[in-house]
Amino acid sequence: MTVDANAVQETDPEAQGLAARPMHPLVEFWVYFRESRGAVAGMAVIAVVVIVAIFADVLAPHDPTEQFRDSLLTPPVWAEDGSWAFPLGTDAVGRDMLSRIMHGARFSMVIGLVVVTLSLSIGIGLGLVAGFFRGVVETLIMRLMDIMLALPSLLLAIVIVAILGPSLFNAMVAIALVYLPHFARLTRAAAIGELSRDYVTASRVAGAGLPRLMFSTVLPNCLPPLIVQATLAFSSAILDAAALGFLGLGAQPPLPEWGTMLAEAREFVLRAWWVVTFPGLAILVTVLAFNLMGDGLRDALDPKLKRS
Amino acid sequence: MFRFAITRIAVLLPTFIGVTVIAFSLIRLIPGDPVELLAGERGISAERHAKLMQEMGLDRPLHEQYLTFILDVFQGDLGKSIRTKTPVSEEFFALFPATVELSLCALLFAVAIGLPAGVLAGVRRGKVFDHSVMTVSLAGYSMPIFWWGLLLIILFSGTLGWTPVSGRISVMHFIEPITGFMLIDTLLQGNYAAFNSAVRHLILPAVVLGTIPLAVIARQTRSAMIEVLGEDYVRTARAKGLPPWRIVGLHALRNALIPVVTVIGLQVGLLFSGAILTETIFAWPGIGKWLVDSIHRRDYPSVQGGLLLVASTVMIVNLIVDLLYGLINPRIRHAR
């Protein structure tokens, strides 16, 4: 893909007296995306996290729940008393930090995926319906979304989790619900913008039914802002799920979810810095990577910025 | 301007009603009822259970309960906490200043650093300073603040021993609340030792809570600055030979501030989400911690009233920001 992109960019069609052939959208996207070093770095980090998440069973030196009773709160390998058996040290019940963080990557990726999928699909549905059937339906949907936006997101998520009961899955549902308004609003705005275009009229005149108009004609043209928002929601979901875990409302111990690990580590904050530092660092790096990639995606997908 | 204000307020009313419905119904969907919870593990006889439910009005049909609720709300009565038997509004407003004090200091910290950093980064676009500001602010934006709080505790309270770990003020001092703002109350009472203690308690939570807004403000200021610096009138000012600080400080900044004001206003909802976490980490006796505790205790009226008051605060602040925005940017209010 890189080779193709180079070729397209470096052969100047005008110099050769040829008409410019439009780049394949994916190639064009990559050309713009590659310009942002941060975005590429973010993507690389995400790739690493995904690989670690998939192969956590093989890569992790120990089982994440195995308790080594004779080495409680062992510091990391470079500190005094550290050992290579536990490169990042152990927690208060003697579990290997590195293995727990590696398995934690799994939870974070799943959280991001589930939240974004739920929120995106329902949000797109609501947004399209609001955009297509203006009037009462639109008012109802958009008012509801406004109300949800009036409540602080974490508070709303906490209340929803309190209703459903604290667990990882319920935390994901709560976060997905909280993110819904953003996707619904974006879709509606984009759909309304597209609906007045000629190609939609043409498709309508040609006899396209409503579902076809919605999902096959209009939706693909609304995707760029949604993709950017989805990436950013992925990172926020990881962050918020960790926050819920930290408050005891998300994943429950002994699951090695990063936020839950931090909650367990809280009482050792002044005695064993490593049990606090590493899970948080894992959250920060992963979230940062997604945000970097989101920024790059925005620049690459935003036609307004491209022209300048 | 008047029309603009009226339309904005009119839009708010249905939203407010909606919030009351959500606050009312969400909390009733929570499994378990408050009577069972109050009784605890010992359990409670069926008759006594029914009697208590009746006393609290929890046995009536939902729509009746809601009607009572909303009528009371419009009279300023949010019910009594099941746990402490004190009016919810009283509890809320006793703790509210703590959260406001913390949030204001956090916002002050965010603006004091974020604004100049954003302006400088915009002016030196593409330079090392710009890149570092952008990197640091993106990291700040991605920060799990509950972890950030713990890290700062390790460093400043643990290793350096500079700041206390939790609370609003040292137990050595007793401060009679006047305004509810610890910093002001201690000064009013001329107790400088207590003021010093309050400041040291406040610094870490304010920094933690202000981190994400700081990042957002710095990024927004930078991009607004870049946009404004490309305008014709800035070029004119340059061509006139104005000194750079005048161009940036007077001509550009004034216009760049318009979107920044909006963004600062939008931080209020975010600040509240952050306050929940920050108050939990630092055992800060504010609204966030109180609400989470109320949810755990299934104190229906407290959660209901608290949710409503929080949402109202956020909505009112957003309204004020909206109006301010219309005031400083005439194009907005004439567009309607």
Side-chain angles (χ1 to χ4, degrees), chain A residues 38 42 139 143-144 146-166 178 232 235-236 238-240 242-243 245-249 258-259 262-263 265-266 269-273 275-277 279-292 295 308, chain B residues 11-12 14-19 21-23 26-31 131 134-135 138-139 141-151 153-155 157-159 165 230 268-277 280-281 288 291-292 294-296 298 303 306-307 310-315 318:
Chain A
T139 313
R143 281 289 104 184
L144 184 65
D146 284 350
I147 295 166
M148 288 173 73
L149 283 177
L151 292 165
S153 60
L154 187 65
L155 181 62
L156 191 58
I158 289 176
V159 174
I160 297 174
V161 169
I163 293 170
L164 302 173
V178 171
L232 298 177
S235 68
S236 311
I238 295 175
L239 212 50
D240 284 351
F246 181 76
L247 291 172
L249 296 166
W258 293 335
L262 275 176
R266 241 182 98 185
V269 61
L270 294 177
R271 271 172 51 204
W273 56 270
V275 290
V276 174
T277 309
L281 203 60
I283 302 174
L284 174 63
V285 169
T286 313
V287 172
L288 185 60
F290 273 100
N291 282 339
L292 277 170
D295 272 8
S308 57
Chain B
V11 170
L12 219 59
T15 313
F16 179 77
I17 303 277
V19 171
V21 175
I22 292 205
L26 273 186
I27 214 65
R28 272 174 177 68
L29 294 170
I30 295 181
H131 286 305
M134 283 295 92
T135 313
L138 198 66
Y141 185 69
S142 314
M143 189 65 82
I145 61 166
F146 42 98
W147 174 66
W148 180 225
L150 294 176
L151 277 195
I153 288 178
I154 293 181
L155 181 63
S157 308
T159 315
V165 179
V268 175
L270 206 82
L271 272 176
F272 195 83
S273 288
I276 295 175
L277 293 167
T280 307
I281 301 168
L291 265 175
V292 174
S294 300
I295 286 179
H296 281 303
R298 310 225 169 111
V303 178
L307 259 179
V310 169
S312 309
T313 314
V314 174
M315 282 193 291
N318 284 345

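Just so we're on the same page: letters track the sequence lines, and every chain starts at 1.
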Of the non-hydrogen atoms in [X] and [Y], which two are nearest, and what is the gap between them?
X	Y	result
A:L247	A:I158	CD1-CD1, 3.6 Å
A:R266	B:T280	NH2-O, 3.2 Å
A:L151	B:A311	CD2-CB, 3.4 Å
A:S153	B:S273	N-OG, 3.4 Å
B:V310	A:P152	CG1-CG, 3.6 Å
A:G280	B:P144	O-CG, 4.0 Å

What residue, out of [options], has the most heavy-atom pairs lying under 4.5 Å from chain A?
options	answer
B:T135, B:L150, B:V314	B:L150
B:P14, B:S312, B:G18, B:G158	B:G18
B:F272, B:W147, B:W148	B:W147
B:I281, B:I145, B:L270	B:I281

When only pairs under 4.5 Å are counted, which of [options] shares the most heavy-atom pairs with chain B?
options	answer
A:L156, A:L239, A:D146	A:L239
A:L144, A:V269, A:T286	A:V269
A:A162, A:A289, A:A265, A:S236	A:A162
A:F246, A:W273, A:W258	A:F246
A:T277, A:V285, A:I283, A:I238	A:T277

Give, as side chain, backbone, both or neither, the part of [X] having an atom under 4.5 angstrom from any heavy atom of chain A.
X	result
B:V19	both
B:L291	side chain
B:M143	both
B:V21	neither

For the atom pair CE (A:M148) and OG1 (B:T15), what is the distance rounded to the nearest 0.5 Å?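 The distance works out to 13.5 Å.
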Kindly compute the distance separating CD1 (B:I153) from OG1 (B:T159), expressed to the nearest 0.5 Å.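 With rounding to 0.5 Å, CD1 (B:I153) is 12.0 Å from OG1 (B:T159).
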Contacting moiety of [X], where chain B heavy atoms sit under 4.5 Å:
X	answer
A:L149	neither
A:S235	neither
A:L270	side chain
A:D295	side chain
A:L292	both

Test item: B:Y141 and A:V287 side chains (from C-beta on) under 4.5 Å apart, heavy atoms: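 When only atoms from C-beta onward are counted, A:V287 and B:Y141 do not touch, as no gap falls below 4.5 Å.
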Side chains of A:L232 and A:F290 in contact at under 4.5 Å (non-hydrogen atoms):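 Of all side-chain heavy-atom pairs linking A:F290 with A:L232, none is under 4.5 Å.
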Testing the 3.5 Å rule here: is there a donor-acceptor pair between the side chains of B:S142 and A:N291?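 A donor-acceptor contact under 3.5 Å links the two side chains.
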